[in-house]
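Comments concern the structure below.
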Amino acid sequence: MTDFKDTSKAGRESLLAGLNNEQKKAVLQDGGPMLILAGAGSGKTRVITHRIAHLVLERHVPPWRILAITFTNKAASEMKSRAAALIGNIDAMWIGTFHTMMLRILRQDCHRLGFAPGFSILDSDDQRRAVKDVLKDMGIDNTTIPLREITSRISFAKNEMVSPAELARTAHGNPYLGTIARVYENYVAYCKRHNGFDFDDILLYTLQLLREHEDLRARYQTRFLHILVDEYQDTNRVQYELVKLLAAHHRNLAVVGDDDQSIYRFRGADIRNILDFEGDNPDTTVIRLEQNYRSTKTILNAANAVIDKNESRKKKQLWTEGETGEPVTFYLASDHVGEAAFVANDIRKRLSSTADTEYAILYRASALTRNIEAALRERGISYAIFGGMRFYDRKEVKDVNAYIRLAVNPGDNLALTRIINVPKRGIGDQTIEALREVSADMNISMLEAARQASMHPQLSRAAGALARFVAIMDRLSALLHESDTSFALLVERVTKESGLAKQLEADMLTDLSARTRLENMNELISDALEFEKKYLGGEILAAWADDFKSPEEAAETIDDSLIAVATAYLEQTALFSDQDRAENRPDVNLMTIHSAKGLEFQNVYLVGAEERIFPSAQAEENDDLEEERRLCYVAMTRAKKRLTITAARSRLLYGRTQYNPPSRFLSDIPDELVNEVGGSKQAPPRQSDSGSQLFRTLSKLDSLRRKKADEQKRQAPEHNGIVWQTLKPGDSINHVRLGSGEILAITPTGDNAILRIRFAGGERRFLSGSGELSVE
DNA sequence: CATTGATCGATTTTT
DNA sequence: TCGATCAATG
């Protein structure tokens, strides 16, 4: 351990410098179970990294005996670089996501579960296609049960460790659920047959492996002297069991989280894991990090007031020594266009008049971005939408990777079906279906079936095309297994041999987007080159190092064959997003509240703060309001300096105009913390039952505004028609000729509005200004 | 076998 | 509204 930073007294003190008492306690705590309740902006990452540094530098824990688990790769790399800055070389330390860490264990001993080491990792798209295949095999019409319903139920079952048999039992004769259970069972077999793991499997099978094999269990249990888990409130049951098992021997388990920020129930997070941690471990040391270093007093108090309404939570009260700051701004626009304009104007004003550089617009659902984007574009404000498509999820990139996948794992029928006719080579659905049949009947892979095409009458028609495809795969596989060329070169050969590059070049003549796709493909080659450098240089090495060797020793045993590099590369593309690929800094960041978690901005705009949007309609139906409230808390606590919340009285969403009152969360914010600005010219919101002062103020302002609007109307030339502002969908209306009808939708167009009306004879649209309409 | 119109349906998302 | 997905046609 020669390359660690010096552990002089000065070094030691700097580890604790600037930490508050609670933070110090968390860093210095000996061991045993520890629950660190870290409020938003309380310096959580700092505490974790400093604790790791303390363990290594002061307590002389070898880095390879520390396991630190995060939820995202982004969080992991952040933690790694900050820990490395404090400690020095930490290559041997296991810092990473659950999936990355468990994959390490799985790779080494997957044969004990009946899997081969070159296994594929199925992404959600593969998963869907796998379920489709299973349905076809079972002769189930894939319209009876929605695909997403099946995949999500299977995923939930896996997260809860419910086996197909158990799921069938809990179906209690319900044929719908019974079918899903049978699909689940066949899907598991399907994955095994194809030597593939889906994301849930990576965790579930690792748990199974460790539970069933005492030697492996003992090996990892003794190895990890200290285990740290970040974002513990978002763990699911499998993750909970994994952590529990791995920590069972030394019991030095520090979990860090914030129950108030648990917002991933929909993907299996179980808030009980954090709420019951003390109960599960009676000797737990609980540390509360309640001092916030991010937001103003006002923002914090407003957020506290909102979250305080939740019943099931560990009470926590964030406080700050920071300034009081400006009140929270609330703006109620007349419609979605006005809302977007307000936000965009406000940002434009601040961009030119202040030195602020951080702006984020947050929303509950991504459908809300459209108007915002338009408003920003109109004003020439640059923006970026956070959390779009991953680089590795682009079609052209996935196609190339599918060729590599198939070369590495010839049993991967999903990869095969993806690219057997990409680019087009005359192998259609019929042929693919026939291949599937032959492969199932003969118990061989589809690639093997294609190889034997001439022996099977169903395949004779496409035999020529199939032979050409097999020849391509043979060349690639020969290159992979026999050649000592570089991996990047292999990737380039894939693009050439497959004809993908040629195809894109041809497409460029007619299709402008083909250029981008070609660029992406070339980018993939440089990406592969970069990865290869890292891999051979030992940076990825720790992932493959045998447990108890130093990185140097491990370097000698590492497999540097092309196939090993390819396997590692495929793993990276399956598991890593590319959110770190920083693009030019935009003026404004647009993102969902979910993806804003963990981030902070000087100026935050929370838009669409309306009932049925936030909280969402389905959250209300499912009685999931506490989670929505936590989401609101997360949104508010992203703001450092200024928080603006907006809502619209009418909003065109999913092709319908909705009229929703402002979000109930607004009424939880004490009035003195809010400044309501500007406004609309329409009817007041539906009176809230909360009787909050804010709503009364809103109504007062509103009646003033209405008076003004009425005056303006009187001065303006009188126009015919009806006062559409008082109407809402569902109201009845009369037409001179068509008689009585029901309003379906109202689309404002300035003074006027388009009314979609259902009459006895069908639907018609009218301008509200048309003199032919009258209210009943 | 590839292309085209109808139909459905729509929170949130990482790995 | 908009987009993806899917059955029917040339």
Side-chain angles (χ1 to χ4, degrees), chain A residues 69-76 96-103 121-129 132 141-143 146-149 152 155 158-159 197-204 231 234-236 238-239 262-269 336 362-371 386-390 392-393 421 423-433 461-462 465 571-579 591-598 608 612-622 624 627-628 630-632 634-635 651-658 745 747 756:
Chain A
I69 303 176
T70 62
F71 264 81
T72 64
N73 290 299
K74 198 177 165 199
T97 65
F98 269 104
H99 290 83
T100 312
M101 300 296 99
M102 297 308 118
L103 215 39
I121 298 166
L122 312 198
D123 64 17
S124 42
D125 189 49
D126 297 319
Q127 203 175 101
R128 278 169 48 87
R129 291 183 319 146
K132 258 191 201 170
D141 177 17
N142 67 357
T143 52
L147 213 56
R148 10 170 307 132
E149 166 100 10
S152 103
S155 179
K158 286 184 176 177
N159 287 163
F197 292 97
D198 67 23
F199 289 125
D200 301 318
D201 288 337
I202 293 172
L203 308 185
L204 198 57
E231 304 282 14
D234 287 330
T235 50
N236 61 36
V238 178
Q239 290 161 336
S262 171
I263 55 174
Y264 283 113
R265 187 166 119 147
F266 68 92
R267 65 177 202 213
H336 53 287
L362 309 183
Y363 35 83
R364 176 66 239 265
S366 28
L368 297 178
T369 52
R370 279 234 160 70
N371 329 300
F386 195 87
M389 185 176 271
R390 295 186 335 150
Y392 297 123
D393 279 341
N421 199 30
K424 302 237 171 349
R425 33 176 96 86
I427 301 173
D429 291 347
Q430 294 296 317
T431 308
I432 294 175
E433 206 38 50
R461 194 139 63 102
E571 182 174 314
Q572 144 133 340
T573 60
L575 255 39
F576 281 67
S577 70
D578 55 336
Q579 282 179 356
M591 64 188 85
T592 62
I593 301 169
H594 281 93
S595 37
K597 193 166 129 206
R612 309 191 68 76
I613 290 175
F614 192 26
S616 74
Q618 36 278 313
E620 186 161 24
E621 275 166 32
N622 305 331
D624 225 0
E627 177 126 336
E628 295 288 299
R630 290 192 288 269
L631 205 46
C632 185
V634 168
R651 177 183 300 281
L652 185 64
L653 195 64
Y654 304 131
R656 300 251 145 175
T657 302
Q658 306 186 357
T747 314
R756 197 149 62 82

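So that the names make sense, note that chain A is the first sequence line, chain B the second, and so on, each numbered from 1.
- The nearest whole Å value for the distance from the CZ atom in A:Arg656 to the C1' atom in C:dC2 is 14 Å.
- Residues that satisfy the side-chain contact (heavy atoms from CB on, under 4.5 Å) test with A:Ile432, not counting sequence neighbours, are A:Thr417, A:Ile420, A:Ile427, A:Met446.
- Spacing between atom CD1 of A:Ile69 and atom C1' of B:dT15 amounts to 14 Å, rounded to whole angstrom units.
- For A:Glu620, the salt bridge (charged side-chain N to carboxylate O under 4.0 Å, His left out) partners two or more places apart in sequence, or in a different chain, are A:Arg664.
- A:Leu203 has its side chain out of reach of A:Lys158: every pair of non-hydrogen atoms, C-beta onward, lies at least 4.5 Å apart.
- Using a 4.0 Å heavy-atom cutoff across all strands shown, A:Asn421 reaches sugar-phosphate atoms only and no base atom.
- Distance, A:Asp198 CG to B:dT14 C1': 13 Å, rounded to whole Å.
- In this model, the phosphate group of C:dT1 is not approached by any side-chain N or O of A:Arg651 to a distance below 4.0 Å at OP1 or OP2.
- Remark: C1' of B:dT14 and CD1 of A:Ile202 are 12 Å apart, rounded to the nearest angstrom.
- Under the side-chain contact (heavy atoms from CB on, under 4.5 Å) criterion, A:Ser616 pairs with A:Arg364, A:Gln618, A:Ala619, A:Glu628, sequence neighbours left out.
- Protein atom CG of A:Asp125 is 17 Å distant from nucleotide atom P of B:dT15, rounded to whole Å.
- Nucleotides C:dT5 and B:dT12 have their C1' atoms positioned 22 Å apart, rounded to a whole Å.
- Atom C1' of nucleotide B:dT14 and atom CE of A:Met102 are separated by 16 Å, given to the nearest angstrom.
- Comparing A:Ala462 and A:Phe199 along DNA chain B, the residue whose closest nucleotide (by nearest heavy atom) sits nearer the 5' end is A:Ala462.
- In this structure, A:Arg148 has no salt bridge (charged side-chain N to carboxylate O under 4.0 Å, His left out) partners at least two apart in sequence or on a different chain.
- Residue A:His99 forms a side-chain contact (heavy atoms from CB on, under 4.5 Å) with just one option from A:Ile69, A:Ile121, A:Ile202, and that option is A:Ile202.
- In this structure, the CG atom of A:Asp429 is 11 Å from the P atom of C:dC6, given to the nearest Å.
- Contacts of A:Tyr363 classified as ring pair (Phe, Tyr, Trp, His ring centres under 6.0 Å), with partners at least two apart in sequence or in another chain: none.
- Distance CD (A:Glu433) to C1' (B:dC1): 15 Å, rounded to an integer number of Å.
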Using atom names, set out every protein N or O paired with an N or O of nucleotides 8-13 of chain B below 3.5 Å, distance rounded to 0.1 Å.
unit_1	atom_1	unit_2	atom_2	d
B:dT11	OP1	A:Tyr654	OH	3.4
B:dT12	OP1	A:Ser366	N	2.8
B:dT12	OP1	A:Ser366	OG	2.6
B:dT12	O4'	A:Arg364	NH2	3.3
B:dT12	O2	A:Arg364	NH2	2.4
B:dT13	OP1	A:Thr592	OG1	2.6

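- At the phosphate of C:dT5, neither OP1 nor OP2 sits under 4.0 Å from any side-chain N or O atom of A:Lys132.
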